[in-house]
Number of protein chains: 2
Amino acid sequence: MLLSKSCEYAIRAAVYVAYTSNLGKRAGIIEIAEAIGSPMHFTGKILQALSRKQVLSSAKGPNGGFYIDDRHSVFLIDIVRAIDGDELFTACVMGLKSCSDAGPCPLHDQIKPLKSQLLAEFSRKSLNEMVKEYEQNRYFLK
Amino acid sequence: MLLSKSCEYAIRAAVYVAYTSNLGKRAGIIEIAEAIGSPMHFTGKILQALSRKQVLSSAKGPNGGFYIDDRHSVFLIDIVRAIDGDELFTACVMGLKSCSDAGPCPLHDQIKPLKSQLLAEFSRKSLNEMVKEYEQNRYFLK
DNA sequence: TATATAGAGGACAAATTTATCTTTTAATAA
DNA sequence: TTATTAAAAGATAAATTTGTCCTCTATATA
C-alpha cells in the first residue's frame, strides 16, 4: 500500500468536506462517513487530526461540522503529510538506514525519481481540482 | 511505506543468500539475520515463505541453510509478489473500490504510470545485479 | 544407529493500525 | 439559563503486523 488506510479515508473525507463547503454547508461525521463508506468514529478521529494540523476547520454545536475555509487552498500533499508523514518520499525502499544519495542502495537511483514524481503529483493536485471532478459525477468516494 | 517491513527484510535476506550462494555456501538464519540486521526468528519465517514460493531453496540438517539454485534467476518483483502481493501495483491510491481505467479516481491517470514504472523497475532488477554491487562493497545490508 | 545440526511449524506475545463506545466540551438556539 | 447539537477526547477493543520461543522433522555424519 502506498498510503495507510487512515490516509485514504483522510483524502476522501477531505474531498467531501471541500465539496459541502463549496455548497456553503458544514459536514458532520455521520454524513461524511456515509458519503465515503468509512467507519464513522474512526473517520472522526482522522478529521480531528486534519483539523489540528490546520488542513481543515471544525465547529462544534448546532450547524457545526467540518469545513474548509476557502481562502486557503489545500493540496493533496498537505493531507498525506498530516496523516502519513513524509517517509514515503524519504525512506529507503529496502529499509536501509545507511541508504543515501552518497551511499545509495542498489535501488536508490531508480526509485528516487519515482518518489520525486509522486511527491510532485501530490503537491500539485489541489482539493478544489478533485472536488470539481466529483461535482461532475466523474467518480464516487467509495 | 512502499513495502512492508517483512518485504524489506525479504529483499535484504535474499540478496545475502544469493551472495553466499555465489560463494558456494549456504546461509543459516543466524548468519543472515546478523548480516542484514533483522530479528532472527522473524527472518526465518520470511525465508520459509520465500522458500515455499520457490523464490529460493532451503536444506535442513548439517551444512543446511538457505541458498539459491543458480539455474533460475530471481528478480526483485518475485520477492515483492511473494511477500506483499501485487496490490501496490493494482490498488487505488485513494482506496476506492470503484476505481478503474473506465471509472478512474481523480489521481488515477497521474498515479498509474508511476505504478507501472515501479513495477517495471522491480521486474528488471535481478538479484544477481544487486549482489554484484554488494560484492563491490557498494552498500551494506543494514 | 545415534547424535548433532538446522530449517519447518505452531503457539504465543508485543506493537501498531484500525475501529468502537462513552464522556466531556463548546456552541447554538429556544 | 437550559436543552440540544456536534466535535473533542479518552478508554477500550479488534485486527494486523512484527517479533519470540519451543517442539518437530529431516538430514548429514560419525
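Quick note on labels: first sequence line is chain A, next is B, and so on, each numbered from 1. None of these values were measured; they are calculated from a predicted model. When reading the values below, keep in mind they use all heavy atoms of this one structure, side chains included, and skip hydrogens, waters and symmetry mates.
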Q: Let me know the distance between CG of A/Asp84 and P of C/dT16, rounded to the nearest Å.
A: 16 Å
Q: Answer yes if A/Ile111 and B/Met1 sit in the same cluster of Ile, Leu, Val, Met, Phe, Trp and Tyr residues linked by side chain heavy atoms under 4.5 Å apart, and no otherwise.
A: no
Q. Taking all non-hydrogen atoms of both residues, which atom of A/Arg12 and which atom of B/Gly95 are closest, and how far apart?
A. NH1-O, 3.4 Å
Q. Can you check whether A/Tyr9 has a side-chain N or O nearer than 4.0 Å to OP1 or OP2 of C/dT18?
A. no
Q: Whole angstrom is fine here: how far is it from CD in B/Gln48 over to P in D/dT23?
A: 17 Å
Q: Nearest whole angstrom, please: distance from the P of D/dT23 to the NE2 of B/His41.
A: 12 Å
Q: Would you indicate what B/Arg52 reaches in the nucleic acid, counting non-hydrogen atoms under 4.0 angstrom: base, sugar-phosphate, or nothing?
A: sugar-phosphate
Q | N/O donor-acceptor pair under 3.5 Å between B/Asp69 side chain and B/Leu56 backbone | A | no
Q: Ignoring backbone atoms, establish whether B/Ser58 has a side-chain N or O less than 4.0 Å from OP1 or OP2 of C/dA8.
A: yes
Q) Starting at CD of A/Glu8 and ending at C1' of C/dT18, how long is that distance when rounded to a whole Å? A) 12 Å
Q. How close or far is atom P of D/dT20 from atom NZ of B/Lys5, stated in whole angstroms?
A. 10 Å
Q. Does A/Ser38 or A/Lys60 map to a spot on DNA chain C nearer the 5' end, using the closest nucleotide for each?
A. A/Ser38
Q: Can you tell me the distance, in whole Å, between the CZ atom of B/Phe42 and the P atom of C/dA14?
A: 16 Å
**Q.** Short side-chain N/O contact from B/Ser4 to OP1 or OP2 of D/dT17, under 4.0 Å
**A.** no
Q) With A/Lys112, which residues qualify under side-chain hydrogen bond (donor to acceptor under 3.5 Å, both in side chains), at least two apart? A) A/Asp101
Q. D/dA8 P sits how many Å from A/Ile30 CD1, rounded?
A. 14 Å
Q) Of A/Ala27 and B/Pro62, whose closest DNA chain D nucleotide lies nearer the 5' terminus? A) A/Ala27
Q | Below 4.0 Å: OP1/OP2 of C/dA29 and any side-chain N or O of A/Asn63 | A | yes
Q: Evaluate the ring planes of A/Tyr134 and A/Tyr139, with Trp represented by its six-membered ring, and classify them as parallel (under 30°), tilted (30 to 60°) or perpendicular (over 60°).
A: tilted
Q) Closer than 4.0 Å, any side-chain N/O of B/Ser6 to the OP1 or OP2 of D/dT17? A) no
Q: Scan B/Ile29 against the nucleic acid and name what it touches under 4.0 Å (heavy atoms): base, sugar-phosphate only, or nothing.
A: sugar-phosphate
(Q) Whole angstroms only, please: what is the CD1-C1' distance between A/Ile46 and D/dA9? (A) 16 Å
Q. Any donor-acceptor pair under 3.5 Å between the side chain of B/Lys45 and the base of C/dG10?
A. yes
